[in-house]
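Below: the structure, in structure tokens.
Quick caveat: nothing in here was measured; it's all calculated off a predicted structure. Values below: all heavy atoms of this structure, side chains included; hydrogens, waters and symmetry mates excluded.
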Amino acid sequence: QVKLVESGGGLVQPGGSLRLSCAASGSIFSINDMGWYRQAPGKQRELVATITSAGNTNYADSVKGRFTISRDNAKNTVYLQMNRLNPEDTAVYYCNANIRARSGYPYVMYWGQGTQITVSS
């Protein structure tokens, strides 16, 4: 069984920074794309950033230049460094990962439980 566990959420003042981590554990043969999404109250879940196994990244326009996604393949962990946070970044942040449990098995997308980020003075 595969599990994604997020950490690093909390309350931060506008202009501040936070770093999220998401570690995958369990039966893992390989991981290709990993990413972060967020969902604000009353809104649909939206993409924040993704990263391939080769390190290629993609960002939502709203976070470009402020957020940085990275990963440690040896630790099966994806990170999201968030700088210059503003109140519009307030949301529950979810990580996901496409994981193959064993050789020859298909990739399956897994989601973390979500972590709350609140940007407020």
Side-chain angles (χ1 to χ4, degrees):
Q1 185 176 357
V2 174
K3 186 167 61 172
L4 300 183
V5 177
E6 298 140 347
S7 60
L11 174 65
V12 63
Q13 291 187 339
S17 298
L18 280 176
R19 188 189 194 213
L20 301 181
S21 300
C22 173
S25 63
S27 178
I28 298 172
F29 177 77
S30 63
I31 304 176
N32 54 18
D33 292 359
M34 304 182 83
W36 291 94
Y37 289 70
R38 67 186 181 187
Q39 187 167 18
K43 294 187 177 181
Q44 290 188 329
R45 190 174 298 189
E46 63 176 5
L47 178 145
V48 176
T50 61
I51 185 167
T52 69
S53 57
N56 298 310
T57 59
N58 179 54
Y59 295 93
D61 287 343
S62 59
V63 307
K64 280 181 182 176
R66 300 188 298 123
F67 291 10
T68 302
I69 189 171
S70 61
R71 63 191 282 173
D72 185 331
N73 292 330
K75 295 181 179 180
N76 293 330
T77 299
V78 62
Y79 305 96
L80 186 68
Q81 177 66 44
M82 303 182 291
N83 299 326
R84 305 201 318 269
L85 286 158
N86 59 62
E88 290 70 39
D89 296 316
T90 296
V92 177
Y93 284 69
Y94 299 89
C95 67
N96 77 349
N98 272 318
I99 296 174
R100 174 180 284 176
R102 296 183 181 181
S103 177
Y105 278 33
Y107 280 96
V108 175
M109 181 175 290
Y110 292 88
W111 290 86
Q113 79 283 1
T115 185
Q116 176 71 46
I117 302 293
T118 302
V119 184
S120 175
S121 55

For a quick test of your reading: what N or O donor-acceptor pairs under 3.5 Å do the side chains of residues 35-49 make, sequence neighbours left out?
residue	atom	partner	partner atom	Å
Trp36	NE1	Tyr79	O	3.4
Arg38	NE	Glu46	OE2	2.7
Arg38	NH1	Asp89	OD1	2.9
Arg38	NH1	Tyr93	OH	2.9
Arg38	NH2	Glu46	OE2	3.3
Arg38	NH2	Ser62	OG	3.4
Gln39	NE2	Lys43	O	3.1

State which residues pass side-chain contact (heavy atoms from CB on, under 4.5 Å) with Asn98; sequence neighbours excluded, sorted by chain then number.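 Asn98: side-chain contact (heavy atoms from CB on, under 4.5 Å) contacts with Asn32, Asp33, Tyr107, Met109.
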Asn73: which residues meet the side chain to side chain donor-acceptor pair (under 3.5 Å) condition with it, sequence neighbours left out?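 Applying side chain to side chain donor-acceptor pair (under 3.5 Å) to Asn73 gives Arg71.
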Test of understanding: clusters of I, L, V, M, F, W, Y form through side-chain heavy atoms closer than 4.5 Å, transitively. Do [X] and [Y] belong to the same one?
X: Ile99; Y: Trp111; value: no
X: Val78; Y: Ile31; value: yes
X: Leu18; Y: Val92; value: no
X: Ile69; Y: Val63; value: yes
X: Tyr110; Y: Ile51; value: yes

Can you check whether Ser30's main-chain N or O pairs, donor with acceptor, with Arg100's side chain at less than 3.5 Å? no
I need the full list of disulfide (SG to SG under 2.5 Å) pairs touching [range], with sequence neighbours left out, sorted by first then second residue.
range: residues 62-121; answer: Cys22-Cys95
range: residues 30-67; answer: none
range: residues 42-73; answer: none

Side chains of Ser120 and Leu11, heavy atoms from C-beta outward: is any pair under 4.5 Å? yes
Heavy-atom closest pair, residues [X] and [Y]:
X: Glu6; Y: Thr115; answer: OE1-N, 3.6 Å
X: Arg66; Y: Asn86; answer: NH1-ND2, 3.5 Å
X: Thr90; Y: Gln116; answer: CG2-NE2, 4.0 Å
X: Leu20; Y: Met82; answer: CG-CE, 3.7 Å

Rounded to the nearest 0.5 Å, how far apart are CG of Leu80 and CE of Met34?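 Going from CG on Leu80 over to CE on Met34, the span is 12.0 Å.
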Pairwise distance OG1(Thr52) to CG(Asn58) - rounded to 0.5 angstrom: 10.5 Å
